[in-house]
Amino acid sequence: MAEQKETKVVFERPHALLPVVTNYCPGCTHGIVQRLVCETLDELDIEGETVGVAPVGCAVMSYDFYGCDMIEAAHGRAPAVATAVKRVNPEGVVFAYQGDGDLASIGMAETVHAATRGEHITVIFINNAIYGMTGGQMAPTSLPNQVTQTSPYGRDVSTAGYPVRVCELLSSLDGVAYLERVTVDTPKNVRKAKRAIKKAFQNQIDGVGYSLVEVVSTCPTNWGMTPQDAFEWMRENMLPYYPLGVYRDVVAEGYANAAEAAAARSAACPIAHPELAQEGE
């Protein structure tokens with residue numbers, strides 16, 4: 001009988017994640033997600049050709065944590081900065097890492113227009129339903145009746161409006177190639193989040209189009225909870241409002257990229273397809 005060799009899975013720090021102390025609060029999920037990004041950079045062997053764009057928010061100092069090149073963007077402008085970097089260096093890999101206040105509030109215009117242009121960038125979006133870095137104010141993603149520093153009696157939808165569901169919103173845009181909402185509250189969900197993040201980066205490498213992964217997250221500090229209670233509150237309240245799953249995947253729909261999918265959806269519009277008119281002459 002042939003001797004079987006013992007194999008070991010080595011759990012170690014990804015090379016793309018620098019050996020430094022982060023500024024994140026205990027129980028914060030930023031550290032989990034950033035590790036997944038760094039594991040992806042290692043596995044795809046793209047650390048040396050990747051440029052990340054840091055936001056204004058709890059991840060504002062993430063340029064100190066990644067081994068790849070990083071750029072600090074003005075508040076909400078990460079998609080615009082990422083667009084510029086990708087257009088200057090189309091062979092490189094560019095990602096923006098943003099929270100809900102940065103992406104869905106002051107940066108909503110940049111988010112929507114980068115998506116509808118089909119920019120070949122990857123966006124990692126952290127949705128913890130609150131402004132974390134600045135003390136816990138109501139965010140665009142704060143839930144109805146959620147108590148925050150600026151909604152002490154709960155979010156009143158009659159005056160503050162309803163939360164923004166980013167994946168659902170962007171799924172209507174023709175430039176988008178891939179949207180998935182995940183979370184990282186259990187080992188199983190961490191693995192799913194890793195697959196989604198890796199797919200979003202691989203889409204960029206393959207030229208498929210704009211990809212965004214939304215990570216439903218917690219903020220134990222500003223929610224005033226233990227990390228365990230914060231995860232439970234997230235499961236009970238956030239996940240019903242922000243259901244997990246894939247909201248757009250043009251490759252799964254049978255298209256090579258977002259542009260091909262967009263062309264198919266506009267097939268009945270003559271001005272969008274002048275080549276058809278020329279064929280009919």
[X] side-chain N/O to [Y] backbone N/O, donor-acceptor pair under 3.5 Å:
{"X": "Ser62", "Y": "Phe65", "result": "no"}
{"X": "Asn257", "Y": "Gly209", "result": "no"}
{"X": "Ser266", "Y": "Ala262", "result": "yes"}
{"X": "Arg248", "Y": "Ser172", "result": "no"}
{"X": "Thr183", "Y": "Val215", "result": "no"}
{"X": "Tyr242", "Y": "Arg181", "result": "no"}

Start with the C-alpha distance between Glu39 and Lys198, add both sets of side-chain angles, then the distance that settles salt bridge (charged side-chain N to carboxylate O under 4.0 Å, His left out), and finish with yes or no. CA-CA 9 Å; Glu39 287 180 356; Lys198 191 171 183 178; over 6 Å; no
For a quick test of your reading: what N or O donor-acceptor pairs under 3.5 Å do the side chains of residues 12-31 make, sequence neighbours left out?
residue: Arg13; atom: NH1; partner: Leu17; partner atom: O; Å: 2.5
residue: His15; atom: ND1; partner: Glu47; partner atom: OE1; Å: 2.7
residue: Asn23; atom: ND2; partner: Cys58; partner atom: O; Å: 3.3
residue: Tyr24; atom: OH; partner: Gln34; partner atom: OE1; Å: 3.2
residue: Tyr24; atom: OH; partner: Gln34; partner atom: NE2; Å: 2.8
residue: Thr29; atom: OG1; partner: Ser217; partner atom: OG; Å: 3.3
residue: His30; atom: ND1; partner: Tyr97; partner atom: OH; Å: 2.8

Can you check whether [X] reaches [Y] side chain to side chain, under 4.5 Å on heavy atoms?
{"X": "Ser151", "Y": "Gln146", "result": "no"}
{"X": "Val250", "Y": "Glu260", "result": "no"}
{"X": "Leu212", "Y": "Leu103", "result": "yes"}
{"X": "Asn127", "Y": "Val166", "result": "no"}
{"X": "Asp249", "Y": "Lys199", "result": "yes"}
{"X": "Met238", "Y": "Asn128", "result": "no"}
{"X": "Thr122", "Y": "Ile124", "result": "yes"}
{"X": "His113", "Y": "Glu119", "result": "no"}

Can you list everything that forms a salt bridge (Lys or Arg N to Asp or Glu O under 4.0 Å) with Arg77? Sequence neighbours excluded, please.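 Arg77 satisfies salt bridge (Lys or Arg N to Asp or Glu O under 4.0 Å) with Glu110 only.
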First locate atom [atom1] of [X], then atom [atom2] of [Y], and finally report the distance between them rounded to the nearest 0.5 Å.
{"X": "Ser171", "Y": "Glu168", "atom1": "OG", "atom2": "CD", "value": "6.5 Å"}
{"X": "Ile106", "Y": "His75", "atom1": "CD1", "atom2": "NE2", "value": "5.5 Å"}
{"X": "Phe125", "Y": "Thr141", "atom1": "CZ", "atom2": "OG1", "value": "5.5 Å"}
{"X": "Thr218", "Y": "Glu232", "atom1": "OG1", "atom2": "CD", "value": "12.0 Å"}
{"X": "Asn189", "Y": "Lys194", "atom1": "CG", "atom2": "NZ", "value": "15.0 Å"}
{"X": "Phe95", "Y": "Lys86", "atom1": "CZ", "atom2": "NZ", "value": "13.0 Å"}

Show your working on side chain to side chain contact (heavy atoms under 4.5 Å, CB included) between Leu143 and Arg155 and close with a plain yes or no. CA-CA 7 Å; Leu143 298 173; Arg155 179 174 185 155; over 6 Å; no
List the atom of [X], the atom of [Y], and the distance in Å for their closest heavy-atom pair.
{"X": "Asn222", "Y": "Gly132", "answer": "ND2-O, 2.9 Å"}
{"X": "Pro152", "Y": "Val147", "answer": "O-CG1, 3.7 Å"}
{"X": "Tyr210", "Y": "Gly175", "answer": "CB-O, 3.8 Å"}
{"X": "Glu49", "Y": "Asp45", "answer": "OE1-O, 4.0 Å"}
{"X": "Val94", "Y": "Gln204", "answer": "N-OE1, 2.7 Å"}
{"X": "Pro144", "Y": "Pro163", "answer": "CD-CG, 3.5 Å"}

Would you kindly confirm whether [X] and [Y] end up in one hydrophobic cluster when ILVMFWY residues are joined by side chain heavy atoms under 4.5 Å apart?
{"X": "Tyr66", "Y": "Val213", "answer": "yes"}
{"X": "Ile205", "Y": "Leu41", "answer": "yes"}
{"X": "Phe201", "Y": "Ile32", "answer": "yes"}
{"X": "Leu179", "Y": "Val208", "answer": "no"}
{"X": "Ile130", "Y": "Phe231", "answer": "yes"}

From CA spacing to verdict: side chain to side chain contact (heavy atoms under 4.5 Å, CB included), Val37, Ile197: CA-CA 7 Å; Val37 172; Ile197 290 171; 4.2 Å; yes
Please evaluate residues Tyr63 and Met61 with respect to the criterion side chain to side chain contact (heavy atoms under 4.5 Å, CB included), reporting the C-alpha separation (whole Å), side-chain torsions for both, the decisive distance (0.1 Å), and the verdict. CA-CA 5 Å; Tyr63 48 73; Met61 297 179 67; 4.2 Å; yes
side-chain hydrogen bond (donor to acceptor under 3.5 Å, both in side chains) between Tyr131 and Ser105, worked out: CA-CA 10 Å; Tyr131 277 87; Ser105 182; 3.1 Å; yes
Go through it in stages, so that I can follow the logic: the residues are Val56 and Met133, the test is side chain to side chain contact (heavy atoms under 4.5 Å, CB included), and I'd like the CA-CA distance, side-chain angles, deciding distance and then a yes or no. CA-CA 9 Å; Val56 172; Met133 182 185 72; 4.0 Å; yes
What I want to find out is whether Glu214 reaches Arg165 closely enough, with some N-O distance under 4.0 Å, to be called a salt bridge.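 The answer is no: the pair does not qualify as a salt bridge.
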